[in-house]
Amino acid sequence: MPIRLPWHTIDTVLLDMDGTLIDLHFDSHLWQTLVPERYAVRHALPLDEARRRIEQHYGAVAGTLNWYCVDYWSETLGLDIRAMSRELRDKIRWRANVIPFLAALKRAGKRRVLFTNAHPASLEVKVAELGLDAHLDAMVSSHQLGWAKESPQSWQALSQREPFDPARTLFIDDSERILATSAEFGVAHQLGITRPDSQQPPLRFARFAALNDYADLLPLAG
């Protein structure tokens, strides 16, 4: 179903990466399948026990920068996460109609800013695979700011690094928690992503409108 936005009141579109522009299946497979398998082998554990221990590690830092930090997990788990990411390059794929949507934003004069919690090493792999940077006006990782996007401080730091008017900004992300943080900061418009991982069931958003295919925003009209 088409989603209408007041595009005449929007100058900047902030875009999450994993699950929003890129299919989250790559990250899901890396962290939920490959990491436990390699951890089990490295530490001579049954796979179920490896998964249990890793879930404990994940839960201890959820919502913080360490949750998204490739170097933190390489050290904590004793695995070469960077190399494992490169192994899975063939799973890095655009979501449906992302390129036409980004092109439409450019034609309409909207500034397209990637705002991601992804570690720079993860961002580097995806830029190399998809040429992500060619379709955006700027890219900012929360690791450059010192706080994850879940934190209000991250939004304040973003506004200083990449000036934008929150009242004339749209933010698209697959996390309702992060969308809520942006709204609390003053970002006027939010959109969720109902199926960030193409291999998993859809999400439900309680507070925000959401889409699965960017064709629902085309042509830009409002």
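The first residue in the sequence is number 1, and the count goes up from there.
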Asks: For R93, give me all partners under side-chain hydrogen bond (donor to acceptor under 3.5 Å, both in side chains), at least two apart in sequence or on another chain.
Replies: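 Listed in chain order: nothing, the list is empty.
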Asks: T169 versus V113: any side-chain heavy-atom pair under 4.5 Å?
Replies: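 No - every pair of side-chain heavy atoms lies 4.5 Å or more apart.
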Asks: Does H43 have any ring-ring contact (aromatic ring centres under 6.0 Å, His included) partners at least two apart in sequence or in another chain, and if so, which?
Replies: Y39
Asks: If you look at every heavy atom in V98 and L21, which pair is closest and at what distance?
Replies: CG2-O, 3.4 Å
Asks: Return each pair, listed once, that meets side-chain hydrogen bond (donor to acceptor under 3.5 Å, both in side chains) where at least one residue sits in residues 185-194; pairs must be two or more places apart or across chains.
Replies: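 Only S182-Q190 qualify under side-chain hydrogen bond (donor to acceptor under 3.5 Å, both in side chains).
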Asks: Show me, pair by pair, the donor-acceptor contacts under 3.5 angstrom made by side chains of residues 123-133, not counting sequence neighbours?
Replies:
from	atom 1	to	atom 2	distance (Å)
K126	NZ	D18	OD1	2.6
K126	NZ	D18	OD2	3.3
K126	NZ	D27	OD1	3.3
K126	NZ	D27	OD2	2.9
K126	NZ	S122	OG	3.2

Asks: Where is the tightest heavy-atom contact between G63 and R177, given as atom of each residue plus distance?
Replies: CA-NH1, 4.2 Å
Asks: Could you give all pairs that pass the salt bridge (Lys or Arg N to Asp or Glu O under 4.0 Å) test and reach residues 69-82, with sequence neighbours left out?
Replies: D71-R82
Asks: Any heavy-atom pair between the side chains of R207 and L179 that's under 4.5 Å?
Replies: no
Asks: If you take all heavy atoms of I193 and P196, which pair is closest and at what distance?
Replies: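 In this case the closest contact between I193 and P196 is O-CD, 3.5 Å.
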Asks: Should I178 and F171 count as side-chain neighbours, where that means a heavy-atom distance under 4.5 Å?
Replies: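 In short, these two side chains touch, coming nearer than 4.5 Å.
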Asks: Once ring-ring contact (aromatic ring centres under 6.0 Å, His included) is applied, do any residues pair with W67, and if so which ones, sequence neighbours excluded?
Replies: Y58
Asks: Are the side chain of R38 and the backbone of I81 linked by a donor-acceptor contact shorter than 3.5 Å?
Replies: no
Asks: When rounded to the nearest 0.5 angstrom, what is the spacing between CG in L88 and CG in D90?
Replies: 7.0 Å
Asks: Testing the basics here: between M17 and A118, what is the closest heavy-atom pair and its distance to 0.1 Å?
Replies: CE-CB, 3.5 Å
Asks: Not counting sequence neighbours, which residues clear side-chain hydrogen bond (donor to acceptor under 3.5 Å, both in side chains) with S85? List them please.
Replies: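 Residues passing side-chain hydrogen bond (donor to acceptor under 3.5 Å, both in side chains) with S85: none at all.
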Asks: I'd like to know if the side chain of S154 and the backbone of S151 have a donor-acceptor N/O pair within less than 3.5 Å.
Replies: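 Checked: no pair found.
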Asks: N97: which residues meet the side-chain contact (heavy atoms from CB on, under 4.5 Å) condition with it, sequence neighbours left out?
Replies: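 P100, D213, Y214, A215.
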Asks: Apply side-chain contact (heavy atoms from CB on, under 4.5 Å) to the pair L15 and L136, showing each step before the final yes or no.
Replies: CA-CA 10 Å; L15 300 143; L136 298 159; 3.9 Å; yes
Asks: Supply the atom-to-atom distance F115 CZ to I172 CD1, rounded to the nearest 0.5 angstrom.
Replies: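 Between F115 CZ and I172 CD1, I get 14.5 Å after rounding to 0.5 Å.
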Asks: Could you list all the side-chain hydrogen bond (donor to acceptor under 3.5 Å, both in side chains) pairs where at least one residue sits in residues 155-166, not counting sequence neighbours?
Replies: R111-E162
Asks: Do F185 and L158 have side chains that approach each other closer than 4.5 Å (heavy atoms only, starting at C-beta)?
Replies: no
Asks: Only one of T181, T116, D173 passes side-chain hydrogen bond (donor to acceptor under 3.5 Å, both in side chains) with K149; say which it is.
Replies: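 For K149, the side-chain hydrogen bond (donor to acceptor under 3.5 Å, both in side chains) check succeeds only for D173.
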Asks: Just jot down the side-chain contact (heavy atoms from CB on, under 4.5 Å) partners of A148, sequence neighbours excluded, or say none.
Replies: L65, Y68, N117, E150
Asks: Which atom pair, heavy atoms only, marks the closest approach of R112 to H135?
Replies: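 Result for this residue pair: NH1-O, 2.9 Å.
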Asks: Side-chain contact test, heavy atoms from C-beta onward, threshold under 4.5 Å: evaluate it for R168 versus T12 and give yes or no.
Replies: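 When only atoms from C-beta onward are counted, T12 and R168 do not touch, as no gap falls below 4.5 Å.
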Asks: For the atom pair CG (D174) and CG (N212), what is the distance rounded to the nearest 0.5 Å?
Replies: 11.5 Å
Asks: Looking at side-chain heavy atoms only, is the closest gap between F101 and L220 below 4.5 Å?
Replies: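 A side-chain contact under 4.5 Å exists here.
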Asks: Could I get the full list of side-chain contact (heavy atoms from CB on, under 4.5 Å) partners for D197, not counting sequence neighbours?
Replies: D23, L24, H25, S28, Q199, Q200
Asks: Between I54 and W73, is any pair of side-chain heavy atoms under 4.5 Å apart?
Replies: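 I54 does not reach W73 side chain to side chain.
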Asks: With sequence neighbours left out, write down each residue that passes side-chain contact (heavy atoms from CB on, under 4.5 Å) with P219, or none if nothing qualifies.
Replies: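 Listed in chain order: nothing, the list is empty.
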Asks: What's the separation between atom CD in Q153 and atom OG in S142, rounded to the nearest 0.5 Å?
Replies: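 OG of S142 is found 12.5 Å from CD of Q153.
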Asks: Crowded around R52 CZ? As in, over 12 foreign heavy atoms under 6.0 Å?
Replies: yes
Asks: Let me check something: do L14 and W147 share a hydrophobic cluster, defined by ILVMFWY side-chain heavy atoms less than 4.5 Å apart, either directly or through other members?
Replies: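 Not linked; separate clusters.
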Asks: Applying the 4.5 Å side-chain criterion to the ILVMFWY set and letting contacts propagate, would L105 and I3 be lumped into a single cluster?
Replies: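 L105 and I3: one cluster.
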Asks: Which heavy atom of P36 sits nearest a heavy atom of R51, and at what distance?
Replies: CB-CG, 3.7 Å
Asks: I'd like to know if R53 and E49 make a salt bridge, using a cut-off of under 4.0 Å between side-chain N and carboxylate O.
Replies: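 Salt bridge present between R53 and E49.
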Asks: Between E176 (side chain only) and G192 (backbone N and O only), is there a donor and an acceptor less than 3.5 Å apart?
Replies: no
Asks: Kindly indicate whether the side chain of L170, heavy atoms from C-beta on, has any atom under 4.5 Å from the side chain of W7.
Replies: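 Yes, side chains in contact.
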